[in-house]
Trainee: 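Let me begin by handing over the structure; questions about it come next.
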Amino acid sequence: MATNRTFTMIKPDATGAGYTGKIIDRIIDAGFSIKAMKWTQLSIDDARAFYAVHAERPFFGDLTEYMSSGPIVAAILEKDNAVVDFRELIGATNPADAAPGTIRADFAESISANAVHGSDSDENAAIEGAFYFSARELA
Ligand code: UDP
Ligand code: MG
């Protein structure tokens with residue numbers, strides 16, 4: 001997949017708090033275009049599969065329970081330097097450490113319920129995007 005794409009999820013804390021529209025506005029205002037988007041919910045098995053890379057981490061059980069606890073919005077985004085620029089837009093994993101003005105600083109509840117996911121590499125962006133979307137679903 002092209003290196004100008006990343007993948008995001010708006011997580012259950014943020015959809016539940018009514019921040020979905022505000023977060024999508026931030027993403028578009030930052031220059032990302034939406035290639036695909038869906039409102040959906042992960043089963044616990046879906047969440048375990050999506051986060052399999054973290055299976056050995058101590059927070060894996062809580063993370064997968066949390067990520068399957070309510071609706072999420074999954075999206076593939078396009079922009080030059082998408083992966084790096086999106087990580088900058090969302091801020092640090094722990095909202096207490098996230099730079100002012102970042103999405104996590106403004107909308108996240110905690111290090112676990114941290115409002116949004118952003119892929120950490122081009123390779124993972126392609127894998128994560130393909131978890132949710134077929135090529136036919138990309139605009
Ligand atoms: N997470 C957590 N506790 C931690 C670290 C991470 O609950 O100590 C959760 C959090 O939701 C995070 C996700 O696991 O977004 C994936 O962790 P990662 O280190 O990949 O952070 P990210 O790439 O999302 O910033
Ligand atoms: Mg990560």
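Whatever order the structure lists ligands and atoms in, that order sets their numbers, starting from 1.
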Trainee: Tell me the protein heavy atom at minimum distance from atom 5 (C) of ligand 1, and give that distance in Å.
Mentor: Phe59 CE2, 3.4 Å
Trainee: What's the shortest distance from atom 20 (O) of ligand 1 to any protein heavy atom, and which residue and atom give it?
Mentor: His54 NE2, 3.1 Å
Trainee: Can you see whether Phe133 has Lys38 sitting over its ring - NZ or CZ less than 6.0 Å from the centre and within 45° of the normal?
Mentor: yes
Trainee: Look at ligand 1 and say whether Met9 reaches it with a heavy atom at a distance under 4.0 Å.
Mentor: no
Trainee: Give me the nearest non-hydrogen protein atom to atom 9 (C) of ligand 1 as residue plus atom name, then the distance to 0.1 Å.
Mentor: Leu63 CD1, 3.7 Å
Trainee: Does Thr93 reach ligand 1 with a nitrogen or oxygen that is under 3.5 Å from one of the ligand's nitrogen or oxygen atoms?
Mentor: yes
Trainee: More than 12 non-hydrogen atoms from neighbouring residues, nucleotides or ligands closer than 6.0 Å to CD on Glu88, yes or no?
Mentor: no
Trainee: Which residue supplies the protein heavy atom nearest to atom 11 (O) of ligand 1, what is that atom called, and how far is it?
Mentor: Ser112 O, 2.8 Å
Trainee: Check whether any side-chain heavy atom of Leu77 lies under 4.5 Å from a side-chain heavy atom of Phe7, and answer yes or no.
Mentor: no
Trainee: Can you find a non-hydrogen atom of His117 under 4.0 Å from ligand 1?
Mentor: no
Trainee: Is the distance from the ring center of Phe86 to that of Phe32 below 6.0 Å?
Mentor: yes
Trainee: So, does Asp120 sit close enough to ligand 1 that a heavy atom of it is under 4.0 Å from the ligand?
Mentor: no
Trainee: Is the number of heavy atoms from other residues, nucleotides or ligands under 6.0 Å of Gln41 CD greater than 12?
Mentor: yes
Trainee: As an exercise, identify every atom of ligand 1 less than 4.0 angstrom from a heavy atom of Arg87.
Mentor: 22 (P), 23 (O), 25 (O)
Trainee: Grab the two heavy atoms, one from Gly61 and one from Thr64, that are nearest each other, plus how far apart they are.
Mentor: O-OG1, 3.1 Å
Trainee: Minimum distance, heavy atoms only, to atom 12 (C) of ligand 1: which one of Asp13, Val116, Asn94, Asn114 is it?
Mentor: Asn114
Trainee: I need the contact type for Ile111 against ligand 1. Using non-hydrogen atoms and a strict under-4.0 Å cut-off, is it side chain, backbone, both or neither?
Mentor: both
Trainee: Would you say Lys11 contacts ligand 1, with heavy atoms under 4.0 Å as the rule?
Mentor: yes
Trainee: Please name the pair of heavy atoms, one in Pro95 and one in Asn114, separated by the smallest distance, quoted to 0.1 Å.
Mentor: CD-CB, 4.5 Å
Trainee: Are Trp39 and Ile24 linked, directly or through other ILVMFWY residues, by side chains that come within less than 4.5 angstrom of each other?
Mentor: yes
